[in-house]
Novice: 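Sharing a structure here in structure tokens format.
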Amino acid sequence: MTFFIRSIISLIALPLVNNVDTMKELTTLFERDLNKLKTEISSYTDPADLWKLREGIANAGGNLCLHLVGNLRHFIGKTLGNIAYERNREKEFSDKDIPVEILLSMIEETVIAVKETLLCLTPEDLAKAFPVKVFAEEMSTGQFIFHLYAHLNYHLGQINYHRRLINS
């Protein structure tokens, strides 16, 4: 992307990204879509199917759920909200056979951490550089939160596809 296009996008998007009202709306969307994650996890006809793979599918629905929980609790809850959490990213993809009830409880803990954190952020917090450099280019906290929301929905769609494929 050229510098000119990035500059135009920044001029248009940054006022939205660094706006507390936008964060309130985004908090509602995070809650809605984390509740969709609970619905997806609960919709597997056999709990063992959460951990099954098929040819061409690298990650099972259960592992993607663990990854989303770990990602949001680490970057939003711990990094921005100072909520105790120790992430083990490797285990997000290697753990298996975690009961549905525990996954649902982990998602609910994530909802709470996300809501408590995002609703406390100020415009100044949102405008600051995200405290952890994740990508080559620095991002504001507001931009990174939008990235995390897109990441949630990317994997939520993968879980939906995985569930329908495995349940068929």
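Because the structure is a prediction, the values reported are computed rather than measured.
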Novice: Between Ser42 and Thr39 (side chain of the first, backbone of the second, donor and acceptor by atom type, cut-off under 3.5 Å), is there such a pair?
Specialist: no

Novice: Please give me the minimum heavy-atom distance between Ile98 and Ile102, naming the atom from each residue.
Specialist: CG2-CG2, 3.7 Å

Novice: Taking the side chain as C-beta and beyond, is there a heavy-atom pair between Val134 and Met139 under 4.5 Å?
Specialist: no

Novice: In Å, rounded to the nearest 0.5 Å, how long is the span from CZ of Arg73 to NZ of Lys78?
Specialist: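 Between Arg73 CZ and Lys78 NZ, I get 11.0 Å after rounding to 0.5 Å.
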
Novice: Parallel, tilted or perpendicular, judged at 30° and 60°: which one describes the rings of His155 and His67?
Specialist: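 Perpendicular, since the angle between the ring planes exceeds 60°.
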
Novice: Group every Ile, Leu, Val, Met, Phe, Trp and Tyr by side-chain heavy-atom contacts under 4.5 Å, then state whether Val69 and Val132 land in the same group.
Specialist: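 Yes, Val69 connects to Val132 through the hydrophobic network.
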
Novice: Heavy atoms only: give me the nearest Gly61-Ile41 pair and the separation to one decimal.
Specialist: O-CD1, 4.2 Å

Novice: As an exercise, state the distance from OG1 of Thr110 to CG of Leu37, rounded to the nearest 0.5 Å.
Specialist: 8.5 Å

Novice: Say whether Val100 and Val111 are linked into one hydrophobic cluster, either directly or through other cluster members, by side-chain heavy-atom distances under 4.5 angstrom.
Specialist: yes

Novice: Scan the side chains in residues 112-121 for donor-acceptor partners under 3.5 Å anywhere in the protein, sequence neighbours excluded, and list what turns up.
Specialist:
| from | atom 1 | to | atom 2 | distance (Å) |
| --- | --- | --- | --- | --- |
| Lys115 | NZ | Glu31 | OE2 | 3.3 |
| Thr117 | OG1 | Ala113 | O | 2.8 |

Novice: Please tell me if the side chains of Asn59 and Leu64 come closer than 4.5 Å, counting only heavy atoms from C-beta onward.
Specialist: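 Counting from C-beta outward, Asn59 and Leu64 do come under 4.5 Å.
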
Novice: Tell me whether the centres of the aromatic rings in His74 and Tyr85 are closer together than 6.0 Å.
Specialist: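 Ring-ring flag for His74/Tyr85: false, centres at least 6.0 Å apart.
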
Novice: Evaluate the side-chain proximity of Leu80 to Phe130: yes if any heavy-atom separation is below 4.5 Å, no if none is.
Specialist: yes

Novice: Strictly under 6.0 Å, is that where the ring centroids of Tyr44 and His162 end up?
Specialist: yes

Novice: Should the pair His147 and Phe135 be assigned to parallel (<30°), tilted (30 to 60°) or perpendicular (>60°) ring geometry?
Specialist: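 Aromatic pair His147/Phe135 classed perpendicular.
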
Novice: Is there a donor-acceptor pair under 3.5 Å between the side chain of Asn160 and the backbone N or O of Gly157?
Specialist: no

Novice: Contact between Phe30 and Ile145 at the side-chain level, heavy atoms closer than 4.5 Å - yes or no?
Specialist: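 Of all side-chain heavy-atom pairs linking Ile145 with Phe30, at least one is under 4.5 Å.
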
Novice: Could you see if Ile166 belongs to whatever hydrophobic cluster contains Trp51? Use Ile, Leu, Val, Met, Phe, Trp, Tyr and a side-chain cutoff under 4.5 Å.
Specialist: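 Shared cluster, no.
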
Novice: Do Thr45 and Asn167 have a side chain donor and acceptor closer than 3.5 Å?
Specialist: yes

Novice: With distance as the sole test, does Asp95 use its side chain to make a donor-acceptor pair with the main-chain N or O of Asn63 at under 3.5 Å?
Specialist: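 Not confirmed, Asp95 side chain does not pair with Asn63 backbone.
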
Novice: Inspect the surroundings of OH in Tyr161 and state if more than 12 heavy atoms from other residues, nucleotides or ligands are less than 6.0 Å away.
Specialist: no

Novice: If we only count heavy atoms from C-beta on, is the Met23 to Phe146 side-chain gap below 4.5 Å?
Specialist: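 Yes. Closest side-chain heavy atoms under 4.5 Å.
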
Novice: Working to the nearest 0.5 Å, report the span between OG of Ser168 and CZ of Arg163.
Specialist: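 Result: 10.5 Å between the selected atoms.
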
Novice: For Lys96, look at atom NZ and say whether over 12 heavy atoms of other residues, nucleotides or ligands are found less than 6.0 Å away.
Specialist: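 Count over threshold, so yes.
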
Novice: Would you indicate whether the side-chain heavy atoms of Leu152 and Leu148 approach each other to under 4.5 Å?
Specialist: no

Novice: Would you check if Leu68 and His151 make a side-chain contact, meaning some heavy-atom pair closer than 4.5 Å?
Specialist: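 Heavy-atom side-chain distance check passes, below 4.5 Å.
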
Novice: For the atom pair CZ (Arg32) and CG (Leu26), what is the distance rounded to the nearest 0.5 Å?
Specialist: 10.0 Å

Novice: About how many Å separate CG of Leu34 and CG of Leu72, when rounded to the nearest 0.5 Å?
Specialist: 6.0 Å

Novice: Counting C-beta onward and ignoring hydrogens, is there a side-chain heavy-atom pair between Glu40 and Leu156 closer than 4.5 Å?
Specialist: yes

Novice: Once rounded to the nearest 0.5 Å, what's the spacing between atom CD1 of Ile159 and atom NZ of Lys36?
Specialist: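 Separation between the atoms: 13.0 Å.
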
